[in-house]
Protein chains: 2
Amino acid sequence: MKVFLKAVKEHFSNQQIFLFFVSEHLLTFIMLSNRQKQIIEESINIIHIHGIQGFTIKNLSEALGLSEAAIYRHFKSKTEIICTLLDSFIEILTDFIQLIKENEFSPLEKIKTIFEKLSLIFSNKPAYVSVIFAEEIFKNDKLLSVKVNKILKKNNETFNSIIKEGQNNNEITKSVSNQELTLMTMGAFRLMVKNWKMNNFSFDLKKSSEKLYYSIETLIKTKDN
Amino acid sequence: MKVFLKAVKEHFSNQQIFLFFVSEHLLTFIMLSNRQKQIIEESINIIHIHGIQGFTIKNLSEALGLSEAAIYRHFKSKTEIICTLLDSFIEILTDFIQLIKENEFSPLEKIKTIFEKLSLIFSNKPAYVSVIFAEEIFKNDKLLSVKVNKILKKNNETFNSIIKEGQNNNEITKSVSNQELTLMTMGAFRLMVKNWKMNNFSFDLKKSSEKLYYSIETLIKTKDN
DNA sequence: AGGTCATTAGTTAATACTAACTAACTACAA
DNA sequence: TTGTAGTTAGTTAGTATTAACTAATGACCT
């Protein structure tokens with residue numbers, strides 16, 4: 001995967017690479033059979049619609065038009081399904097962050113890009129929101145909750161380092177420490193997405209996201225004298 | 001309750017009234033028997049520690065040192081327990097918000113007060129965080145998810161109106177619209193609490209909360225010329 | 001004696017998962 | 001080209017366990 005991505009980067013622009021992540025099938029790169037991908041996608045859908053309590057092997061198999069036993073041909077347990085699901089998110093996120101960090105944008109441009117791309121992904125697949133933004137739902141299993149916390153922590157660190165970079169090169173205000181700026185930037189984005197979900201995805205997330213970015217920029221960008 | 005609160009307000013300062021809410025037993029005012037209160041408190045604890053998946057009648061009764069059947073003497077169903085739990089939160093929150101709105105503080109002072117009081121409540125009873133901040137967890141039941149969304153919406157509206165008030169009287173910047181300021185203020189607070197939880201409540205929430213408030217103030221307070 | 005609060009011992013339905021089996025395909029030697 | 005062996009992906013019909021919930025009963029206090 002890492003090697004492949006490197007090869008991809010040599011032939012395409014950053015903009016084009018982003019399209020890989022945003023494309024209809026987010027799980028393209030993971031080493032899974034078609035049936036496994038289908039099971040994962042359907043699992044995300046079920047969690048999205050019915051919550052974890054509604055995520056049962058019976059519901060899953062019915063949604064796929066298979067018998068319950070058939071699921072176990074492709075995953076050895078329910079936990080393995082959730083694990084795979086989370087791992088694929090972690091992997092995609094890791095590469096996404098890597099791409100953002102490495103490119104030549106300024107820190108504010110990076111934040112803008114993150115807002116743009118994430119709101120695009122969520123607009124295309126609202127079901128992902130339910131899984132990524134619900135840190136509580138896999139609390140049952142220690143292994144799973146660790147994985148979910150990892151996602152949150154990773155995002156935190158990414159914003160933190162981007163903002164620190166911005167403060168160092170005088171693009172972002174130093175009147176407030178980077179930890180608090182991270183809370184405000186990331187927290188605002190998360191709450192916006194949560195509100196969007198609560199309103200049944202009825203408003204245009206991409207537009208709201210853009211508006212939010214410019215508001216944040218207004219407040220945290222260093223003023224020219 | 002409303003009448004009672006009004007009577008209380010005539011005899012005590014705002015500061016003292018807050019202590020009612022912050023006191024050990026948040027559920028004091030709700031019309032519940034002692035056993036019922038105990039069941040609700042224990043339910044919150046279980047959800048806090050084991051998640052909703054671990055919130056079963058068996059676990060609950062064991063934690064209380066009762067038989068499973070005994071629970072049904074006090075609540076007619078599991079759903080009724082959760083309903084009561086959420087209703088008590090909604091009631092407390094409603095009165096809390098009312099108190100904030102009515103007092104003579106300036107908008108920024110109001111926000112500061114909310115940060116202070118909420119971080120105090122959560123510090124005393126971290127279990128409450130898991131319930132209030134986990135909008136996903138009761139998704140199973142339509143009635144319950146409506147209740148939880150109501151809490152989020154109410155908080156949203158409160159911040160919105162406080163910030164609008166601040167913009168009208170020139171205490172808060174108008175360079176950014178109040179909806180975005182709400183996202184940043186409330187979103188930052190929520191994310192801080194979530195991080196606190198993720199770090200096993202190990203840092204001092206009250207201190208972090210104070211620091212966050214002053215950071216927000218720095219960014220959104222109208223500059224004197 | 002009656003009300004309150006608990007118990008024990010169940011029920012029913014749902015859960016994750018398994019055993020035993022099979023149709024359809026694939027690889028490849030005769 | 002065809003017979004054979006093995007694989008893949010599915011089936012039906014179960015298992016043990018656990019969930020929420022209930023009926024019948026007992027103990028204690030006033």
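Mapped onto DNA chain C by nearest heavy atom, A/A69 and A/T56 fall at different nucleotides, with A/T56 at the one closer to the 5' end. With the nearest nucleotide of DNA chain C identified for both A/R73 and B/L66, B/L66 has the one nearer the 5' end.
Residue A/F75 is out of contact with every strand shown, counting any heavy-atom pair closer than 4.0 Å.
The distance between atom CD1 of B/I57 and atom P of C/dA14, rounded to the nearest whole Å, is 18 Å. What separates CZ of A/F55 from P of C/dT15 is a distance of 12 Å, to the nearest Å. Distance CD1 (A/I52) to C1' (C/dA16): 16 Å, rounded to an integer number of Å. Between the CG atom of A/L64 and the C1' atom of D/dT11 there is a distance of 16 Å, rounded to whole Å. Atom CD1 of B/I39 and atom P of D/dA20 are 14 Å apart (whole Å). Atoms CD (B/Q53) and P (D/dT17) sit 20 Å apart, rounded to a whole Å. As rounded to whole Å, 12 Å separates atom P of D/dC21 from atom CG of B/L60. The interatomic distance linking A/K78 (NZ) with D/dT17 (C1') rounds to 14 Å, in whole Å.
The pair B/E165-B/K110 meets the salt-bridge criterion, with a side-chain N (NZ, NE, NH1 or NH2) lying under 4.0 Å from an Asp/Glu carboxylate O. Between B/E116 and B/K112, at least one side-chain nitrogen of the basic residue sits less than 4.0 Å from a carboxylate oxygen of the acidic one, meeting the salt-bridge criterion. Checked for salt-bridge contact, A/E136 and B/K194 meet the test: a charged N lies under 4.0 Å from a carboxylate O.
Dashed line: the shortest gap from a side-chain N or O of A/S67 to OP1 or OP2 of D/dT11 is under 4.0 Å. Taking side-chain N and O atoms only, B/H74 has no distance below 4.0 Å to OP1 or OP2 of C/dT4. Regarding contacts with the backbone of C/dC17, a side-chain N or O of A/Y72 is found under 4.0 angstrom from either OP1 or OP2.
Surrounding NZ of B/K150 are at most 12 heavy atoms belonging to other residues, nucleotides or ligands under 6.0 Å away.
Taking 4.5 Å as the limit, some side-chain heavy atom of B/M192 sits within range of a side-chain heavy atom of B/L205.
For A/R35, whose side chain is taken as the heavy atoms from C-beta onward, the closest listed nucleotide among D/dG10, C/dA16, D/dA20 is D/dG10.
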